[in-house]
Amino acid sequence: LTLQLNEPGTLWCQIADLDSSTLSDYCKQSNFQDTDFAQSCYFERFIKGKSPAGPGPTFRANVHSAYTDYDIELNMIWQKDEAAHTSLGPAEAGYHVFCFAEDDWEFQAVHALGRSPTFSAPT
């Protein structure tokens with residue numbers, strides 16, 4: 001998967017199953033939610049591969065230059081319970097790819113050469 005950002009930041013991507021799939025082991029497009037962090041398929045936690053059960057597969061790219069192609073290779077799918085992941089099936093199989101981007105404002109602000117007199121480091 002090739003992506004670009006319009007500013008430096010970090011990209012994370014994760015694979016989800018199609019809603020039409022008969023398998024129930026994996027998050028599907030309709031399962032994603034952003035209201036309850038403790039429930040399965042919580043969008044940001046799932047995409048970043050972070051879980052109370054332990055880390056999942058992490059597919060990310062640190063983007064240092066805006067408008068530059070960055071490649072992310074996705075080769076595993078994380079189970080809905082976030083306890084395990086498996087290799088993707090045949091290349092012809094259908095999947096949804098979800099990505100999440102976050103700018104590096106905190107890093108850039110703290111390490112900037114010139115700061116505002118009222119600068120306060122983020123917490």
Side-chain angles (χ1 to χ4, degrees):
L1 180 66
T2 302
L3 299 166
Q4 292 184 3
L5 292 179
N6 64 351
E7 62 182 325
T10 306
L11 284 165
W12 288 271
C13 294
Q14 200 66 256
I15 298 287
D17 214 349
L18 298 174
D19 282 340
S20 59
S21 173
T22 57
L23 300 175
S24 61
D25 295 340
Y26 308 104
C27 288
K28 299 178 183 182
Q29 181 178 8
S30 60
N31 297 136
F32 281 102
Q33 49 89 21
D34 63 357
T35 55
D36 189 349
F37 184 83
Q39 295 298 313
S40 62
C41 304
Y42 182 79
F43 186 80
E44 183 177 349
R45 184 189 72 227
F46 192 84
I47 303 304
K48 288 183 174 182
K50 296 180 177 179
S51 169
T58 303
F59 306 109
R60 68 180 267 174
N62 295 317
V63 176
H64 304 292
S65 301
Y67 303 108
T68 302
D69 287 348
Y70 286 84
D71 294 328
I72 298 177
E73 182 180 338
L74 299 114
N75 57 7
M76 299 190 145
I77 186 167
W78 203 9
Q79 290 182 353
K80 191 178 199 174
D81 63 7
E82 300 173 355
H85 51 276
T86 58
S87 295
L88 292 176
E92 298 83 27
Y95 297 101
H96 285 288
V97 177
F98 288 90
C99 294
F100 180 88
E102 194 170 65
D103 65 26
D104 288 341
W105 180 87
E106 182 176 337
F107 177 80
Q108 291 176 1
V110 171
H111 296 89
L113 295 176
R115 294 188 188 152
S116 164
T118 59
F119 174 79
S120 177
T123 56

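Please read these numbers as outputs of a predicted model, since none were measured by experiment. Worth knowing before you read on, the calculation uses all heavy atoms, side chains too, and leaves out hydrogens, waters and symmetry mates.
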Please examine the side chains of [Y] and [X], heavy atoms only from C-beta on, and report whether any two atoms are closer than 4.5 Å.
| X | Y | answer |
| --- | --- | --- |
| P57 | H85 | yes |
| L3 | C99 | yes |
| D17 | H96 | no |

Compare every heavy atom of [Y] with every heavy atom of [X], then report the nearest pair and how far apart it is.
| X | Y | result |
| --- | --- | --- |
| A83 | W78 | N-NE1, 4.4 Å |
| C13 | V97 | CB-CG1, 4.4 Å |
| Q29 | D19 | N-OD1, 3.3 Å |
| A61 | I72 | CB-CG1, 3.9 Å |
| Q14 | F59 | OE1-CE1, 3.4 Å |
| T10 | L5 | N-CD1, 4.2 Å |

Find the distance between [atom1] ([X]) and [atom2] ([Y]) and round it off to the nearest 0.5 Å.
| X | Y | atom1 | atom2 | result |
| --- | --- | --- | --- | --- |
| T58 | I47 | OG1 | CD1 | 11.5 Å |
| D34 | Q39 | CG | CD | 13.0 Å |
| S20 | K28 | OG | NZ | 8.0 Å |

query = Which is it for R60 and K48 under the side chain to side chain contact (heavy atoms under 4.5 Å, CB included) test, yes or no, and what are the steps along the way?
reply = CA-CA 8 Å; R60 68 180 267 174; K48 288 183 174 182; over 6 Å; no
Report whether [X] and [Y] are members of the same hydrophobic cluster (ILVMFWY, side-chain heavy atoms less than 4.5 Å apart, transitive linking).
| X | Y | value |
| --- | --- | --- |
| L74 | F43 | no |
| I15 | Y70 | yes |
| L88 | F98 | no |

ask   = Under 3.5 Å, is there a donor-acceptor pair between the T35 and Y42 side chains?
value = no
query = Between the side chains of D69 and T2, does any donor sit under 3.5 Å from an acceptor?
reply = no
task = Quick one: sort the F32 and F46 rings into parallel, tilted or perpendicular, breaks at 30° and 60°.
result = perpendicular
request  = Using the six-membered ring wherever Trp is involved, compare the ring planes of W12 and F100 and label them parallel, tilted or perpendicular (cut-offs 30° and 60°).
outcome  =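 The arrangement is tilted - the two ring planes meet at 30° to 60°.
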key: Residues Y95, L18; criterion side chain to side chain contact (heavy atoms under 4.5 Å, CB included); working and verdict   = CA-CA 6 Å; Y95 297 101; L18 298 174; 5.7 Å; no
query = Has the side chain of T68 got a donor or acceptor atom that lies under 3.5 Å from a matching backbone atom of A66?
reply = yes
inquiry  = Donor-acceptor check, side chain of K80 to backbone of C41, threshold 3.5 angstrom: yes or no?
reply    = no
task = Take E44 and K50, measure what side chain to side chain contact (heavy atoms under 4.5 Å, CB included) needs, and give me the verdict at the end.
result = CA-CA 9 Å; E44 183 177 349; K50 296 180 177 179; over 6 Å; no
